Amino acid sequence: MFSRRLLLGTLAGLGLATAAAAHGYTAGDIAIGHPWSRAAPAGITGAGFMTLRNTGSAPDRLVSARAEIARTVEMHTNVQEGAVMRMRPVESIEIAPGQEVKLAPGGLHLMLVGLKQPLTKGARVPLTLVFQRAGEITVELSVEAAGAAGEHHH
């Protein structure tokens with residue numbers, strides 16, 4: 001009986017470790033940490049956030065992204081123009097060797113334009129990232145509450 005409980009406890013622990021590790025991804029020299037989004041209804045624009053770290057010795061850049069759930073995915077940043085914060089598209093997101101770039105609310109981020117279905121809290125939404133050197137990788141955005149700030153790491 002004790003051995004069975006120990007085995008079941010160990011397997012459950014491994015399952016939790018695997019689930020936690022599954023929310024980090026690697027494409028070539030690029031490590032992608034905690035991709036997430038906020039809950040949003042269909043028909044509007046959602047957003048994608050994550051951390052990109054270049055572990056290599058050469059620069060790379062995120063050149064595009066796509067998701068079946070959205071009509072298109074755009075890369076944006078926020079810039080201060082006088083007293084007003086404005087969103088502006090960017091053509092790519094540079095990740096220098098040994099550096100980390102955060103895609104976060106209020107800064108660089110992905111816009112999921114024309115959501116075909118809602119982003120529901122607790123869901124995981126596939127998103128394909130395209131890097132100039134590292135190539136393509138599909139990650140899953142973990143959908144958090146509508147007002148989430150992204151400080152949760154699963």
Side-chain angles (χ1 to χ4, degrees), residues 9-40 44-81 85-154:
T10 301
L11 290 174
L14 287 173
L16 290 175
T18 302
H23 210 61
Y25 303 85
T26 303
D29 291 330
I30 304 297
I32 303 144
H34 186 57
W36 67 281
S37 186
R38 291 179 175 138
I44 69 165
T45 298
F49 311 106
M50 65 199 70
T51 302
L52 305 173
R53 174 173 282 286
N54 186 340
T55 62
S57 59
D60 204 343
R61 67 182 59 220
L62 179 63
V63 295
S64 68
R66 64 183 180 275
E68 289 293 320
I69 197 169
R71 187 177 77 251
T72 188
V73 178
E74 300 175 359
M75 297 179 287
H76 285 208
T77 190
N78 288 333
V79 293
Q80 186 81 30
E81 291 181 356
M85 202 59 143
R86 298 197 187 274
M87 206 177 332
R88 296 283 182 244
V90 295
E91 287 189 27
S92 64
I93 297 172
E94 179 88 18
I95 311 127
Q99 297 298 305
E100 181 176 278
V101 176
K102 291 186 185 247
L103 279 61
L108 288 167
H109 58 279
L110 301 175
M111 297 295 295
L112 286 71
V113 180
L115 289 173
K116 298 173 186 176
Q117 60 190 56
L119 295 173
T120 307
K121 183 181 179 204
R124 297 235 175 191
V125 178
L127 171 77
T128 300
L129 303 171
V130 182
F131 295 93
Q132 184 176 30
R133 293 175 52 85
E136 291 190 11
I137 183 168
T138 299
V139 301
E140 288 185 324
L141 296 173
S142 174
V143 181
E144 297 181 6
E151 297 303 317
H152 315 129
H153 294 282
H154 302 284

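Treat the numbers as computed from the prediction; the structure is a model and nothing was measured.
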Worksheet entry | Backbone of Ala146 reached by a side-chain donor or acceptor of Lys121 within 3.5 Å | no
Worksheet item: Would you say Thr77's side chain and Arg88's backbone share a donor-acceptor pair under 3.5 angstrom?
Response: no
Item to complete: Starting from the C-alpha separation in whole Å, work towards a yes-or-no answer on side-chain contact (heavy atoms from CB on, under 4.5 Å) for Arg38 and Glu144.
Response: CA-CA 5 Å; Arg38 291 179 175 138; Glu144 297 181 6; 5.8 Å; no
Worksheet entry | Close side-chain approach of Leu110 to Met75, heavy-atom, < 4.5 Å | yes
Worksheet, complete the sentence: Smallest heavy-atom separation, Ala104 atom then His109 atom, equals O-CB, 4.3 Å
Practice prompt. Please lay out, stage by stage, how Val101 and Glu94 fare under the test side-chain contact (heavy atoms from CB on, under 4.5 Å).
Written response: CA-CA 8 Å; Val101 176; Glu94 179 88 18; over 6 Å; no
Worksheet entry | Heavy-atom closest contact (Leu108 atom, Ile93 atom, distance) | CD1-CG2, 4.0 Å
Discussion item. Between Thr128 and Ala65 (side chain of the first, backbone of the second, donor and acceptor by atom type, cut-off under 3.5 Å), is there such a pair?
Written reply: no
Worksheet item: Within a strict 4.5 Å, meaning less than it, do heavy atoms of the Pro126 and Glu68 side chains meet?
Response: no
Worksheet item: Does the side chain of Leu127 reach to within under 4.5 Å of the side chain of Val125, using non-hydrogen atoms?
Response: no
Worksheet item: Do Gln99 and Asn54 come within less than 4.5 Å of each other through their side chains, counting heavy atoms only?
Response: no
Discussion item. Are Arg66 and Val130 packed together at the side-chain level, in the sense that at least one heavy-atom pair is separated by less than 4.5 angstrom?
Written reply: yes
Discussion item. Could you tell me if the side chain of Tyr25 sits less than 4.5 Å from the side chain of Leu129, heavy atoms only?
Written reply: no
Worksheet, complete the sentence: In short, Ala27 meets Ala134 closest at the heavy-atom pair O-CB, 3.1 Å
Worksheet item: With a 4.5 Å limit on heavy-atom distance, are the side chains of Met50 and Leu141 in contact?
Response: yes
Response to the item:
One should read off an interatomic distance between Asn78 CG and Met87 CE, to the nearest 0.5 angstrom, of 6.0 Å
Discussion item. Is it the case that over 12 heavy atoms from other parts of the model lie below 6.0 angstrom from the CD atom of Glu81?
Written reply: yes
Worksheet entry | Minimum heavy-atom distance between Pro59 and Pro97, given as atom pair plus value | N-CG, 3.6 Å
Discussion item. Regarding Arg61 and Glu91, does a basic nitrogen lie under 4.0 Å from an acidic carboxylate oxygen?
Written reply: no
Discussion item. Quick check: do Asp60 and Leu52 have side-chain heavy atoms less than 4.5 Å from each other?
Written reply: no
Discussion item. Quick check for you: to the nearest 0.5 Å, what is the distance between Leu112 atom CG and Ile69 atom CD1?
Written reply: 7.5 Å
Fill in: Lys102 atom NZ, neighbour heavy-atom count above 12 within 6.0 Å
no
Worksheet item: Between Arg53 and Ile95, which heavy-atom pair has the shortest distance, and what is it?
Response: C-CG2, 4.2 Å
Item to complete: With rounding to the nearest 0.5 Å, note down the distance linking CG in Leu62 to CG in Leu103.
Response: 7.0 Å
Item to complete: For residues Leu115 and Gly46, report the shortest heavy-atom separation together with the two atoms involved.
Response: CD1-N, 3.8 Å
